[in-house]
Amino acid sequence: MSLFERPSESFTAVTILPGDLSPEDRAVLARAVDQLEHSSFATKLANALGHEIERLGRMLPQPVATVADRAVEGAIRTAFSTALRTLRPRAGGGQRAAHKAVATLSGTLGGAFGFAALPVELPFSTVVMLRSIAAIARASGEDLSQPEAALACLQVFALGTGKEDRLALESSYFSVRGILAKSVSEAARFVVNRGLAEEGAPVIVRLISQIATRFGMVVSQKLAAQAVPIVGAAGGAAVNYAFIDHFQSIAEGHFTVRRLERIYGPDLVRAEYDRLLAQKRAKA
């Protein structure tokens, strides 16, 4: 028998409203646009450490980059299993600060022991972040008993990694969601039909690889920051605080959009999102 019941509807009641978003929902969508299109981990690092970090992610020595790539893929693979095996449909709220504290502590250890701690520290902090993301998803009405919703939590690690391009006509958030949509759908369907006994199946491997590739961009910046001589253990804590804060912010935006899509439908939400994004870029 499958680990998951075949989904009928993830949400029992979906209200489709004609016309336009309410003023309240337009305001929360505008905040989501800021979180998803203008949120930069490099900026958070610069604020946390007091100097520019953005370029350092491209300066990792090749041997370090190779080990980092393996650690990133291992972390996403661990997070994939966690998402589909242990995330609970219901759990207590108020966990955001606790998750941030645990991730910050792991950053302290990573800063103290340096790059050698990465294969242990990164999977641990990634799973901590995943659980925080899941709490945000539940607060937005997601049913984490459904594989697609659980994988939407994992998808957060692929979002918000690109730089804002004021000349681009396309939302980077929806571009990445579009790239991942087929893989997420196929992986969710595979899990429903086959369970998790075949985690090495091509459809699963492809999704993990796609997410790991984008997650690795942020991890490279994290490693570069922790490699700065002045950082050390205290700086490692600041880096990990910025790390989890970044993905919590992305998760809030992502699940706000998904919640509004369930209420108003994807087309209306996308049209309003694009309008708000264009408006913000015109003012910038």
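What you see is a predicted model, and the numbers here were worked out from it, not measured in a lab.
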Expected list for residues 74-84: side-chain donor-acceptor pairs under 3.5 angstrom, two or more places apart:
| residue | atom | partner | partner atom | Å |
| --- | --- | --- | --- | --- |
| Thr78 | OG1 | Gly74 | O | 3.0 |
| Ser81 | OG | Glu199 | OE1 | 2.7 |
| Ser81 | OG | Glu199 | OE2 | 3.3 |
| Thr82 | OG1 | Thr78 | O | 2.9 |

Worksheet item: Quick one: is the NZ or CZ of Arg214 closer than 6.0 Å to the six-membered ring centre of Phe157, and within 45° of its axis?
Response: no

Worksheet item: Which distance, rounded to the nearest 0.5 Å, do you find between the OG of Ser140 and the NE2 of His254?
Response: 10.0 Å

Worksheet item: When you look at Tyr273 and Glu37, which way does the side-chain hydrogen bond (donor to acceptor under 3.5 Å, both in side chains) test go after all the steps?
Response: CA-CA 11 Å; Tyr273 186 105; Glu37 304 289 346; 2.7 Å; yes

Worksheet item: For the residue pair Val191 and Ile204, what are the closest heavy atoms and their distance?
Response: CG2-CD1, 4.4 Å

Fill in: Closest contact, heavy atoms only, Ser132 versus Ile244
CB-CD1, 4.5 Å

Fill in: For Ser22 against Tyr264, the heavy-atom pair lying closest together
N-OH, 3.2 Å

Discussion item. Rounded at 0.5 Å granularity, tell me how far CD in Glu142 sits from SG in Cys153.
Written reply: 7.0 Å

Fill in: Ala149 versus Asp143, closest heavy-atom pair with distance
CB-O, 3.2 Å

Worksheet item: About how many Å separate CZ of Phe215 and NZ of Lys222, when rounded to the nearest 0.5 Å?
Response: 8.0 Å

Worksheet entry | Cationic N near anionic O, under 4.0 Å, Arg189 to Glu148 | no

Discussion item. Regarding Glu186 and Arg206, does a basic nitrogen lie under 4.0 Å from an acidic carboxylate oxygen?
Written reply: yes

Worksheet item: Any Lys/Arg nitrogen of Glu261 or Arg177 sitting under 4.0 Å from an Asp/Glu carboxylate oxygen of the other?
Response: yes

Fill in: Atom pair CZ/CD of Arg275 and Gln279 - distance to nearest 0.5 Å
5.0 Å

Worksheet, complete the sentence: When rounded to the nearest 0.5 Å, the distance separating OG of Ser249 from CZ of Arg31 is 6.5 Å

Worksheet item: What are the two closest non-hydrogen atoms of Val72 and Ala212, and how far apart are they?
Response: CG1-O, 3.3 Å

Worksheet entry | Chi angles and distances behind the side chain to side chain contact (heavy atoms under 4.5 Å, CB included) call for Leu29, Asp25 | CA-CA 6 Å; Leu29 183 59; Asp25 285 337; over 6 Å; no

Item to complete: Could you tell me the separation between the CD atom of Gln155 and the CG atom of Leu207, rounded to the nearest 0.5 Å?
Response: 8.0 Å

Worksheet item: So, the side chain of Ser209 versus the backbone of Val205: is there a donor-acceptor pair under 3.5 Å, distance only?
Response: no

Worksheet item: Of all residues at least two apart in sequence or in a different chain, which pass the salt bridge (Lys or Arg N to Asp or Glu O under 4.0 Å) check with Arg26?
Response: Asp20, Glu272

Worksheet entry | Minimal non-hydrogen separation, Ser183 against Gln210, with atom names | OG-OE1, 2.6 Å

Practice prompt. Any chance you could lay out the side chain to side chain contact (heavy atoms under 4.5 Å, CB included) test for Ile136 and Gln248, step after step, and finish with the verdict?
Written response: CA-CA 8 Å; Ile136 293 168; Gln248 284 177 334; 4.1 Å; yes

Item to complete: Begin with the C-alpha distance, continue with both residues' side-chain angles, and end with the deciding distance and a verdict on side chain to side chain contact (heavy atoms under 4.5 Å, CB included) for Leu260 and Val28.
Response: CA-CA 9 Å; Leu260 294 177; Val28 297; 4.2 Å; yes

Worksheet item: Is a side-chain N or O of Ser185 found less than 3.5 angstrom from the main chain of Lys182, in a donor-acceptor match?
Response: no

